[in-house]
Amino acid sequence: MAKVLTSKEENYAQWYNDLVLKSGLAENSAVRGSMVIKPYGYAIWEKMKAELDRKFKETGHENAYFPLFIPKSFFSREAEHVEGFAKECAVVTHYRLKTDEKNGGLVVDPDAKLEEELIVRPTSETIIWNTYKNWVQSYRDLPILINQWANVVRWEMRTRLFLRTAEFLWQEGHTAHATREEAEKETMQMLRVYEEFAENFLAIPVIVGHKTESEKFAGAVDTLTIEALMQDGKALQAGTSHFLGQNFAKAFDVQFTNREGKLDHVWATSWGMTTRMIGALIMAHSDDNGLILPPRVAPIQVVIVPIYRGADEFPAIAEVANRIKAQLTALGISVKFDDRDTQKPGWKFAEYELKGVPVRLALGPRDIENGNVELARRDTLEKRVLPQEGIAQYIQELLEEIQESIYQKALTFRNKNTHKVDTWEELTDVLENKGGFALAHWDGTRESEDKIKKTKATIRCLPLNPEDESGKCVVSGKPSKRRVVIAKAY
RNA sequence: CGGGGUAUAGCGCAGCCCGGUAGCGCGCGUCGUUCGGGACGACGAGGUCGUGGGUUCAAAUCCCGCUACCCCGACCA
C-alpha cells in the first residue's frame, strides 16, 4: 500500500500534521492560527461533549451561556489573572467600518471607537463572577454549579492544529460554594471526572496531580491537572481543575450571608477541557496507517465494505450487509455501509484505516457463498474470516475488547517511558535522550524549578497519593519527601 | 517580538542562478477495461506566476517596496 503519511519515527510533527489533514479531522483556515474542524473531527468532539456533559449532569451541574466579549475593566480586577492573560488577548476597539474615500475598500471608522475596549474571552472567570455577584445573597443561593460550552480566543504566537489554535472550543465549569471544604471537594471531584473520561472513554492513561506555584492557573490557589504521555515522549496537559479560593469573589465582591448571619466571600472553582483533547487522542494511539480511535469515541464503530465485480453481484451482498448493519444498529453500534461505487475496496480499506474506524467488515461473493464475512481490527490490523451467524454479538464484545486493548497498550507505553531518576545526570539523560516522564525528587523551591525549566522541561505535576519516599532533590541535593513528574511538554 | 524561509492549476512541487510568452505528479471530467489492500489506458478541463512599482524590445525569472503564510526561539489548554 502506498503510504500517504510521513512515518512517525521519521518526523513526529509532520506525521501528526499529515494525519490531521488526511484523515479529514481538520484543516488550517484562512484566519491566522485558526482551524476549520471538518465534519469527521467535529463528530469526535460531539461524542466527547456528550460523554462529558452526561458526567457533568450526573454530578449536579447545569449548562448556561455567558457573553463572548468582556469589558477590559472586568478583566483587570484580579491581578494575577490579568498578568497571566494580558499578552494573548484579542481586543475589540471599534464597532464600525466605512468606505475609504481615497483608496476605495473598507477601513475602520475612527469615529466608531469604543469608550471601553472589549476583550474576546480567553476564559470566562471575570464575566461570570461579575454575573454571579447578582445571583448570590444568602448561603441558600449556594452552591452555583454551572458549566458553559463555548469558544475562546488566545492570541498564541505559534499554533498547531488542535494542540494550540488561536480559537478553540472547550467547556468551562464555574462553581460557587459557601465553604472552602465544599469548593475543594468540587475541584477534586471534577478532576476525577476528567481522569475517568480520559482513561475509560478515550483510553488515555493519565497522571493526576497538583501544578507547582509557577505553573498553576492565573488567579488560582491550586491547579489540579491530568497529564498524558504522547508517543513521542512528550507530556500533554489534558484537563485542569482549579481551586480559586476567594480570589475572584473578592475581586468581584461576591459576598453572601452565612448561617450565622455574617457576611463572607464565596469559594470558587473552575475546570476545563478543550479540543486539544482530540490532539491527545490522535497522538496517544495512532500509527503510520492513520488514526486509531477507541470504540467509545469513534463516530463510526463498524464499516462494511462490499466487494463485487459486475453490478449483478451487488444486490446479494447489499442484502447481507444491510442485515448485519440492522443487527449492529439494534445493539447500539454505529455502522456505515459504504456502498459507493465511486471508490474501490482497496481504496476504502485504506481510507477507513486512516480514519481509525475500529472494525471493518468486507463482504464479497466468496463470503456470500460460504455464509462468512471478513473482519479486520484497526488497532492490531489483524484479519479473520468469521461466520455471518452471530457476528453482531461477536462485534459487540470485540469493541469492548478493543477499547481495553488500546488502553493497555497506551498504559504499557507510559510505564515503559516513565523513569525514576535520582541525579541531575539521570534526569537530563531522560529529558534529552529517552523522553517520557521522569520521576524525581524536588525540594519544592522556585530556584530548583527554574533550573529544571532551563532544560526546556517542566514539572508537570506533583502526583496525588504519592508513595512517601524520602530522597534528595535532583537539583539542590536538599531533602525531599516525594517525587514529582518532570517532562518536556506540548 | 528576534532569526530563517516560502508565495507558480484544487493540493504538492519544478522552472528563477543564466530574461524569450508556463511544466510535472496527485486530484478533477468523459469513455473503456477493472474491482478480495489506495487499478490501468486514451482523451480532456483547469494558471491575472501573492501584490504594487521599476529595468528591458521582452519579466514567473533581474531590482525596490508591501502583504500573507510556514519553520526555529520566547509564551501557552
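Only a predicted model underlies this, so the values are computations on that prediction, with no experimental measurement involved. The chains referred to below are lettered A, B, ... by the order of the sequence lines, with proteins before strands, and numbering in each begins at 1.
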Review point. Reckon Glu374(A) touches a base, only the sugar-phosphate, or nothing at all at heavy-atom distances under 4.0 Å?
Key: base

Exercise for review: Determine the interatomic distance between P on U8(B) and the same-named atom on C49(B); round to the nearest Å.
Suggested key: 11 Å

Review point. Contact class for Arg360(A) (heavy atom, under 4.0 Å): base, sugar-phosphate, or nothing?
Key: base

Check your understanding: Between C35(B) atom P and Glu313(A) atom CD, what is the distance in whole Å?
Key -> 10 Å

Practice item. Identify whether any heavy atom of Gln237(A) sits under 4.0 Å from a base atom; if not, whether one sits that close to sugar-phosphate; answer base, sugar-phosphate or nothing. Key: sugar-phosphate

Review point. Leu361(A) CG to G36(B) P: how many Å, rounded?
Key: 17 Å

Review point. Considering every strand shown, what is the Watson-Crick or G-U wobble mate of C18(B) when both distances are under 3.5 Å?
Key: none

**Study point:** Lys/Arg-Asp/Glu bridge criterion (N-O < 4.0 Å) met for Glu125(A), Arg77(A)
**Key:** no

Review point. With a 4.0 Å cut-off, would you call Arg54(A) and Glu51(A) a salt bridge?
Key: yes

Review point. Which is true for Thr274(A) with a 4.0 Å heavy-atom rule: it touches a base, it touches only sugar-phosphate, or it touches nothing?
Key: base

Revision key, fill the gap. Picking from G37(B), A77(B), C35(B), the nucleotide nearest the side-chain atoms of Ala350(A) would be G37(B)

Review point. Strictly by modelled atom types, are Thr123(A) and Arg121(A) linked by a side-chain donor-acceptor pair under 3.5 Å?
Key: no

Practice item. Please report, rounded to the nearest Å, how far the P atom of C76(B) is from the CD atom of Glu215(A). Key: 7 Å

Point to revise | Side chain Arg309(A) and base G36(B) donor-acceptor under 3.5 Å | key: no

Review point. U51(B) and U6(B): how far apart are their C1' atoms, nearest whole angstrom?
Key: 15 Å

Point to revise | Touch class at under 4.0 angstrom, heavy-atom based, for Leu354(A) against every strand present | key: base

Review point. Within the stacking criterion (centroid distance below 5.5 Å, interplanar angle below 30°), does Phe349(A) stack on G38(B)?
Key: no

Practice item. Return the nucleotide paired to A7(B): Watson-Crick means purine N1 to pyrimidine N3 with N6-O4 or O6-N4, wobble means G-U with N1-O2 and O6-N3, both under 3.5 Å. Key: U67(B)

Check your understanding: If you take atom types as modelled and just measure distance, does the side chain of Lys383(A) reach the base of G37(B) with a donor-acceptor pair under 3.5 Å?
Key -> yes

Review point. Taking the six-membered ring of Tyr490(A) as reference, does the NZ or CZ atom of Lys234(A) fall below 6.0 Å from its centre and within a 45° cone about the axis?
Key: yes

Check your understanding: Lys456(A) has an atom NZ; how far is it from atom P of C75(B), in whole Å?
Key -> 11 Å

Exercise for review: Could you pick out which residue, Tyr308(A) or Ala13(A), lies toward the 5' side of RNA chain B when each is mapped onto its nearest nucleotide?
Suggested key: Tyr308(A)

Practice item. For nucleotides A22(B) and A45(B), find the distance between their P atoms and express it as a whole number of Å. Key: 15 Å

Exercise for review: Send over the distance from Leu163(A) CG to C76(B) C1', rounded to a whole Å.
Suggested key: 12 Å

Exercise for review: In whole angstrom, give me the gap between the C1' atoms of C16(B) and G27(B).
Suggested key: 27 Å

Check your understanding: Using purine N1 to pyrimidine N3 plus N6-O4 or O6-N4 for Watson-Crick, or N1-O2 and O6-N3 for G-U wobble, each under 3.5 Å, what pairs with G37(B)?
Key -> none

Point to revise | Nearest-angstrom distance from the residue atom CG of Leu5(A) to P of C11(B) | key: 20 Å

Check your understanding: In Watson-Crick or G-U wobble terms, both distances under 3.5 Å, what is the partner of A58(B)?
Key -> none

Revision key, fill the gap. On RNA chain B, more 5' by nearest nucleotide between Ala238(A) and Gly310(A) is Gly310(A)

Review point. Expressed as a whole number of Å, how far does the P atom of C31(B) sit from that of C17(B)?
Key: 45 Å

Exercise for review: Assign Gly272(A) to base, sugar-phosphate, or nothing according to its heavy-atom contacts below 4.0 angstrom with the strands shown.
Suggested key: nothing

Exercise for review: Could you tell me which nucleotide pairs with G2(B) by Watson-Crick or G-U wobble geometry, both distances under 3.5 Å, or answer none if nothing does?
Suggested key: C72(B)

Review point. So, do Leu464(A) and Arg192(A) sit near enough that their side-chain heavy atoms are less than 4.5 Å apart?
Key: yes

Exercise for review: Quickly work out the Asn28(A) CG to U6(B) C1' distance and round it to whole Å.
Suggested key: 15 Å

Check your understanding: Should the pair Lys454(A)-Asp450(A) be classified as a salt bridge under the 4.0 Å nitrogen-to-oxygen rule?
Key -> no

Practice item. Could you tell me whether Arg340(A) atom CZ has more than 12 heavy atoms of other residues or ligands within 6.0 Å of it? Key: yes

Check your understanding: Are His81(A) and Trp129(A) close enough that their ring centers fall under 6.0 Å?
Key -> no

Check your understanding: Trp347(A) side chain: which of G36(B), C76(B), G38(B) is closest?
Key -> G38(B)

Point to revise | Nearest-neighbour nucleotide for the Thr165(A) side chain, A77(B), G36(B), G38(B) considered | key: A77(B)

Exercise for review: Pick the C1' atom in C62(B) and in A74(B), then give their distance to the nearest Å.
Suggested key: 38 Å

Practice item. Determine the Euclidean distance between corresponding C1' atoms of C28(B) and G10(B); express it in Å to zero decimal places. Key: 8 Å

Check your understanding: Looking only at atom C1', what distance separates A42(B) and G37(B), rounded to whole Å?
Key -> 27 Å

Review point. Whole Å only: how far is the NZ atom of Lys211(A) from the P atom of A77(B)?
Key: 8 Å

**Study point:** Complementary nucleotide of C28(B), counting Watson-Crick and G-U pairs under 3.5 Å
**Key:** G44(B)

Check your understanding: Side-chain N or O of Lys344(A) less than 4.0 angstrom from OP1 or OP2 on A39(B)?
Key -> yes

Exercise for review: Examine the base of G37(B) for any acceptor or donor lying under 3.5 Å from a partner atom in the side chain of Glu353(A), and report the outcome as yes or no.
Suggested key: yes

